[in-house]
Q: 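Questions regarding the structure given below will be posed in turn.
One-based numbering, in listed order, for ligands and for the atoms of each.
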Amino acid sequence: MSALEENIARAKTYISRFAEDGVMNHIGGENVAAVSGETFEIISPVDLSKLADVAKSDAADIDRAAQAAKEAFKTWSKTPGAERRKILIKVAEAIEARAEEIAFVECMDTGQALRFMSKAALRGAANFRYFADQAPASEDGAVTRTPTQMNTTTRRPIGPVGVITPWNTPFMLSTWKIAPALAAGCTVVQKPAEFSPMTAKLLVEIAESAGLPKGVLNVVNGLGETAGKSLTEHKDIKAIAFVGESQTGSHIMRQGAATLKRVHFELGGKNPVIVFDDADIDRAVDAATFMIYSLNGERCTSSSRLLVQDTIYDDFTDRVAKVAKSIKVGHPLDPETVVGPLIHPVHEEKVLSYFETAEKEGATIAAGGEKIGKDGCYIGPTLFTNANNDMAIAQEEIFGPVLTAIPFKDEADALRIANDVEYGLAAYLWTNDLNRAMRMTDELEAGMMWVNSENIRHLPTPFGGVKSSGIGRDGGDWSFDFYMETVNVSFPRAEHKIPKLGS
Ligand code: NAD
């Protein structure tokens, strides 16, 4: 048996339960069908075969989950931070114990390659550990004094919150949003993406098996326009943490307006990797190709625009094309695979449509640019050269393994091109000139920048974007600021004269 055949056999043991039982909702500790009894089907991106039936929820299910979260909030919000920490550390341990199952289910549900997904559970566990450690001090604040007043500023959990997650790397992203919410003392209703809902189900089961009280984390499946919308409109849900497309963020803002919902948005990106001719070219080639072709390019921080100084443009793009052509595209469970199938035929169609547009606009396909095989959503790692920043492939988020290479002359030109998009999530800069790096990072419009590096996440640092890429920051204390209310109480230090307005 080959490694792939062995992995497929193992994956079957993990996903067969979903085929049998479906992916139902998880509310108040119970596995429940949608109130309407309706379901929708999810398919495997590997071969388009049916994976499972999923609960198709609506406002009634959201209300049920919101009530469960509201009830559980009474106890969870008053559970001491040190106690919450203990439980969340146990959740982290339980995630680690089921890391293989999480990885295999995620691969089959999303099409992401095992070489990357095998780390997803560990990253998820790390999220739980990091935020668990912040729980005991999460309510602490400051004391400020004047001659007449002593002010105590503290934080308290905002209430039950909604977490709406996208289909790319759903396990890791869910833990990133849910762990700080729970650490802060909030309870959660999660609405996972309709294309890849399986690992959200695993997470809530794992969390409860590790001791998370019932009702603290609830999962309601369904479509964005119904279940997601209802969650954003529910009066008992105090805040919405959303990861997804910028346009959906606008919808959510409108939907949440009537209940004055607090929102936190992590949205799309069209992130530049900027390579100057003084850079370490070998490392820059590795980083640029890693940041666009890993995770199928279905990654918000992918470096989808390659800006290269004109003096090295031809050589650099030749090298990137060579790497792209050598990348193994295949079954996500094959240990050799780098690029697996895209999430769904609908998304594949969107990515393929850019190939036509690019050709019409005059770009050159230097690698890939086509579908591979008939079954499954496989497309080749693609590089477009001869491109300019006005093209759709340079402006729009394609969310696939598709890179657009644009030449620039000097710093001013690089900055102009880099900032000339509606997004501002991440930027990657390659230069060995420290002063240039300082000048460039001062002016680049991005929430996160890496100099001479691929994206490396450090949890205490802020994660988020500017412009259409988001509102708010995750990580460190920023996550707690979002999930908590800051409250000030003023005590008198000495009697003072109170203005008298009448006799
Ligand atoms: P999407 O916006 O289509 O869907 C995301 C989630 O929102 C899904 O659960 C969906 O059901 C729900 N939704 C859709 N319409 C809704 C509505 N009207 N009200 C409430 N919920 C609704 O995004 P996607 O296609 O699943 O994910 C890909 C996008 O996510 C890309 O744009 C990517 O850049 C972005 N993303 C951003 C980050 C980040 O950190 N900035 C991370 C990962 C993904």
Q: Which residue and non-hydrogen atom of the protein lie closest to atom 17 (C) of ligand 1, and at what distance in Å?
A: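 For this ligand atom, the closest protein heavy atom is G224 O, 3.4 Å.
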
Q: Which residue and atom name correspond to the protein heavy atom nearest atom 24 (P) of ligand 1, and how close is it?
A: W167 NE1, 3.5 Å

Q: Applying a 4.0 Å heavy-atom criterion (strictly less than), which segment of F195 is in contact with ligand 1: side chain, backbone, both, or neither?
A: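 It is neither; nothing of F195 touches ligand 1.
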
Q: Which of the atoms in ligand 1, numbered in the order shown and given with their element, are less than 4.0 Å from a heavy-atom of G268?
A: 32 (O), 34 (O)

Q: Nearest to atom 9 (O) of ligand 1, what protein heavy atom do you find, and at what distance?
A: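 Scanning the protein heavy atoms, the shortest distance from atom 9 (O) of ligand 1 goes to T165 O, 2.8 Å.
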
Q: If we set the cut-off at 4.0 Å for heavy atoms, which region of V243 has an atom near ligand 1: side chain, backbone, both, or neither?
A: both

Q: One residue to check: N168. Relative to ligand 1, which of side chain, backbone, both or neither has a non-hydrogen atom less than 4.0 Å away?
A: side chain

Q: What atoms of ligand 1 come within less than 4.0 Å of a heavy atom belonging to F242?
A: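 Those of ligand 1 that fall under 4.0 Å from F242 are 2 (O), 5 (C), 6 (C), 7 (O).
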
Q: Would you say D63 and H234 are linked by a side-chain donor-acceptor pair, where the criterion is simply a distance under 3.5 Å?
A: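 D63 and H234 do have a side-chain donor-acceptor pair below 3.5 Å.
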
Q: Among all protein heavy atoms in this structure, tell me which lies nearest to atom 2 (O) of ligand 1, with the distance rounded to 0.1 Å.
A: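 Minimum-distance protein heavy atom for atom 2 (O) of ligand 1 reads T248 OG1, 2.6 Å.
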
Q: Please determine which of E397, E445, E396 meets the side chain to side chain contact (heavy atoms under 4.5 Å, CB included) test together with Y423.
A: E397

Q: Quiz question: by atom type and distance under 3.5 Å, do the side chains of T165 and Q190 form a donor-acceptor pair?
A: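 Looking only at side-chain atoms, Q190 and T165 do form a donor-acceptor pair, the distance falling under 3.5 Å.
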
Q: Please state which protein non-hydrogen atom is closest to atom 28 (C) of ligand 1 and give its distance, to 0.1 Å?
A: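 Sorting protein heavy atoms by distance from atom 28 (C) of ligand 1 puts F399 CE2, 3.6 Å first.
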
Q: Would you check whether F463 reaches within less than 4.0 Å of ligand 1, judged by its heavy atoms?
A: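 Yes, that is the case, since the closest heavy atom of the residue is under 4.0 Å from the ligand.
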
Q: Between Q395 and E422, do the side chains contain a donor N or O and an acceptor N or O under 3.5 Å apart?
A: no

Q: Does L267 approach ligand 1 within less than 4.0 angstrom via side chain, backbone, both or neither, non-hydrogen atoms only?
A: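 Contact part for L267 vs ligand 1: backbone (N, CA, C, O).
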
Q: Give me the residue, atom name and distance of the protein heavy atom closest to atom 42 (C) of ligand 1.
A: C300 SG, 3.0 Å

Q: Report, in ascending order of atom number, the atoms of ligand 1 lying under 4.0 Å from any heavy atom of Q255.
A: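 Listed by number with element, the hits are 17 (C), 18 (N), 19 (N), 20 (C).
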
Q: In ligand 1, which numbered atoms sit nearer than 4.0 Å to a non-hydrogen atom of L425?
A: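 Those atoms are 41 (N).
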
Q: Among protein heavy atoms, which lies nearest atom 40 (O) of ligand 1, and at what distance?
A: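 Heavy-atom neighbour on the protein nearest atom 40 (O) of ligand 1: E266 OE1, 2.9 Å.
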
Q: I need the atoms of ligand 1 closer than 4.0 Å to a non-hydrogen atom of A193, numbered in the order shown.
A: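 In order of number, 8 (C), 9 (O).
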
Q: Please report whether ligand 1 has a polar contact with T232, defined as an N or O pair separated by less than 3.5 Å (distance criterion only).
A: no

Q: With distance as the sole test, does S246 use its side chain to make a donor-acceptor pair with the main-chain N or O of L267 at under 3.5 Å?
A: no

Q: E397 heavy atoms, cut-off 4.0 Å: which ligand 1 atoms fall inside?
A: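 Close to E397: 31 (C), 32 (O), 33 (C), 34 (O).
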
Q: Which of the atoms in ligand 1, numbered in the order shown and given with their element, are less than 4.0 Å from a heavy-atom of K229?
A: 19 (N), 20 (C)

Q: Could you check atom 20 (C) of ligand 1 against the protein and tell me its nearest heavy-atom contact, residue, atom and distance included?
A: G228 C, 3.3 Å

Q: Kindly give the heavy-atom pair with the smallest separation between R262 and D481, and that separation in Å.
A: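 Of all heavy-atom pairs spanning R262 and D481, the closest is NH1-O, 3.3 Å.
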
Q: Tell me the contacting part of P192 for ligand 1: side chain, backbone, both, or neither, using a 4.0 Å heavy-atom threshold, strictly below.
A: backbone

Q: Could you walk me through whether E485 and R155 pass the salt bridge (Lys or Arg N to Asp or Glu O under 4.0 Å) test, one step at a time?
A: CA-CA 5 Å; E485 291 283 19; R155 292 192 299 200; over 6 Å; no

Q: Is it the case that the side chains of K467 and S469 hold a donor-acceptor pair, with the cut-off being a distance below 3.5 Å and no angle test?
A: no

Q: Relative to ligand 1, is E194 under 4.0 angstrom through side chain, backbone, both or neither, heavy atoms considered?
A: side chain

Q: With no hydrogens and no angle check, is any side-chain donor or acceptor of N271 less than 3.5 Å from a backbone partner on A427?
A: no

Q: What atoms of ligand 1 come within less than 4.0 Å of a heavy atom belonging to I164?
A: 6 (C), 7 (O), 9 (O), 12 (C), 20 (C), 21 (N)

Q: Does any part of the side chain of T169, heavy atoms only, come nearer than 4.5 Å to the side chain of R299, both counted from C-beta?
A: no

Q: Quick check: W176 with F171 (ring centres under 6.0 Å apart)?
A: no

Q: Determine whether a donor-acceptor pair (N or O, by modelled atom type, separation under 3.5 Å) exists between the side chain of H344 and the backbone of V346.
A: yes

